Amino acid sequence: MAKDVARTPAAEGASDMANDGVTETASTSAEPAPGTGAASGTGAGAGTPEAATPETGEQDDEARARRLKRLRLQSLRNMVLSTALICLATFAVFLLTPNGETESPVRTVEYDVASATAARAAPYPLVVPVGLPEDWRATSVRYEPQGQHGATWRLGFLDSHEDYAALAQADGEPAAFVPSVTQDAEDTGATERIAGRDWALWEGPKYDALVLTEPGVTTVVMGTAPLEQLARLAESLEVRETAQPE
């Protein structure tokens with residue numbers, strides 16, 4: 001039979017003291033240690049800088065390489081676009097220009113004084129055109145007293161259609177002079193009757209020509225202009241008169 005054990009006041013006091021000790025010990029151990037937790041500043045709210053790692057350096061290098069590649073691609077794209085715009089503008093100018101030709105840069109020259117000076121020096125009757133249409137433009141004039149083919153007089157024009165027509169005279173050998181000034185044209189054997197004189201018709205890969213051979217001088221009218229324009233120039237030729245000294 002179990003017997004009830006009576007608890008004496010002394011026993012109850014010892015038990016209460018034991019319980020108080022356990023509670024105090026638990027409370028003390030639950031407090032944060034000095035220098036840790038929120039008081040030490042190392043908790044979740046107070047971060048510290050992380051040390052750089054090899055992985056972080058590699059990521060920076062890759063990012064830098066991507067930026068450089070992007071810049072190079074952008075520069076290449078800009079260059080391609082600029083070239084395309086230039087080509088497009090050039091093509092537009094070509095389409096808007098008649099016959100695909102740009103405006104003639106050839107300037108007009110005055111030959112009145114030069115022809116008078118040459119006429120006084122030339123050993124043959126020097127000729128110049130008279131009465132050409134106003135839209136014919138003289139573009140070159142030259143006299144060589146001792147040229148490759150003797151004393152040589154040359155006068156170039158652009159006609160109303162911007163075709164080239166020129167006059168050349170020399171007192172040298174016709175067999176060498178005519179092929180030289182006409183860029184290897186050849187005598188066709190045909191003639192053109194112009195102003196009462198027979199001009200030989202020459203044809204070549206670059207210039208066609210009308211050639212008049214006289215004692216002491218050979219006169220050549222040549223160019224890319226049509227034959228009727230060359231004949232017009234030949235018909236207009238007259239001897240350049242010079243003032244007689246008093």
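This chain uses plain numbering: 1 for the first residue, then up along the sequence. Remember, it's a predicted structure, so these values are computed and weren't measured experimentally.
- In this structure the side chain of Y164 never reaches within 4.5 angstrom of the side chain of D159, judged on heavy atoms.
- Closest approach of E110 to V141, counting heavy atoms only: O-CG1, 4.3 Å.
- A single hydrophobic cluster is seen to contain both L210 and V128, as judged by linkage of ILVMFWY side chains at heavy-atom distances under 4.5 Å, directly or through other members.
- Across P179 and A176, no two heavy atoms sit closer than the pair CD-O, 3.6 Å.
- In terms of heavy atoms, F157 sits closest to P129 at CZ-CG, 3.4 Å.
- A donor and an acceptor atom, one from each side chain of T219 and Q169, are located under 3.5 Å apart.
- Taking OH of Y207 as the reference point, atom OG1 of T182 lies at 10.0 Å (rounded to 0.5 Å).
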Pair E144-R142, side chain to side chain contact (heavy atoms under 4.5 Å, CB included): steps then yes or no: CA-CA 7 Å; E144 295 179 273; R142 183 171 74 250; 3.6 Å; yes
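- Hydrophobic cluster membership differs between V181 and L227, with clusters built from Ile, Leu, Val, Met, Phe, Trp and Tyr side chains linked at under 4.5 angstrom.
- V220 and W199 fall into different hydrophobic clusters, where Ile, Leu, Val, Met, Phe, Trp and Tyr side chains are chained together by heavy-atom contacts under 4.5 Å.
- The pair E162-R137 meets the salt-bridge criterion, since a charged nitrogen lies less than 4.0 angstrom from a carboxylate oxygen.
- A 4.5 Å side-chain heavy-atom check between T83 and C87 finds at least one atom pair inside the cut-off.
- The environment of CD in E186 is sparse: at most 12 heavy-atom neighbours from other residues, nucleotides or ligands sit within 6.0 Å.
- T188 places none of its side-chain heavy atoms less than 4.5 Å from the side chain of W202.
- Between atom CZ of residue R197 and atom CD of residue E235 there is a gap of 11.0 Å, rounded to the nearest 0.5 Å.
- To the nearest 0.5 Å, the span separating CG on L167 from CG on L233 amounts to 6.5 Å.
- Distance CG/D187 to CG/L201: 8.0 Å, rounded to 0.5 Å.
- The backbone N or O of S180 lies less than 3.5 Å from no partner atom in the side chain of D184, so there is not a single donor-acceptor pair.
- From D208, atom CG reaches atom CD of Q229 across 13.5 Å, with rounding to the nearest 0.5 Å.
- Across Y143 and A122, no two heavy atoms sit closer than the pair OH-CA, 3.2 Å.
- Counting heavy atoms from C-beta outward, V211 and T218 have side chains that approach closer than 4.5 Å.
- Shown here for G216 and D171, the closest heavy-atom pair between the two residues is O-CB, 3.2 Å.
- When the side chains of ILVMFWY residues are joined at heavy-atom separations under 4.5 Å, either directly or via intervening members, V239 and I194 end up in a single hydrophobic cluster.
- Within the 4.5 Å cutoff, the side chain of S236 has no heavy atoms near those of the V130 side chain.
- With hydrogens and angles disregarded, a donor-acceptor distance shorter than 3.5 Å links the side chain of R240 to the backbone of D112.
- Under a hydrophobic clustering in which Ile, Leu, Val, Met, Phe, Trp and Tyr are joined whenever their side-chain heavy atoms come within less than 4.5 Å, directly or via other members, M222 and L132 fall into different clusters.
- Shown here for T152 and A170, the closest heavy-atom pair between the two residues is OG1-CB, 3.9 Å.
- Note that OG of S115 and CD of E241 are 11.5 Å apart. Values are rounded to the nearest 0.5 Å.
- Counting heavy-atom neighbours within 6.0 Å of E214 CD, excluding the residue itself, gives a total above 12.
- Side-chain N or O atoms of Y124 include one that pairs as donor or acceptor with a backbone N or O of A151 at under 3.5 Å.
- Residue E228 qualifies as enclosed at atom CD: its count of foreign heavy atoms under 6.0 Å is above 12.
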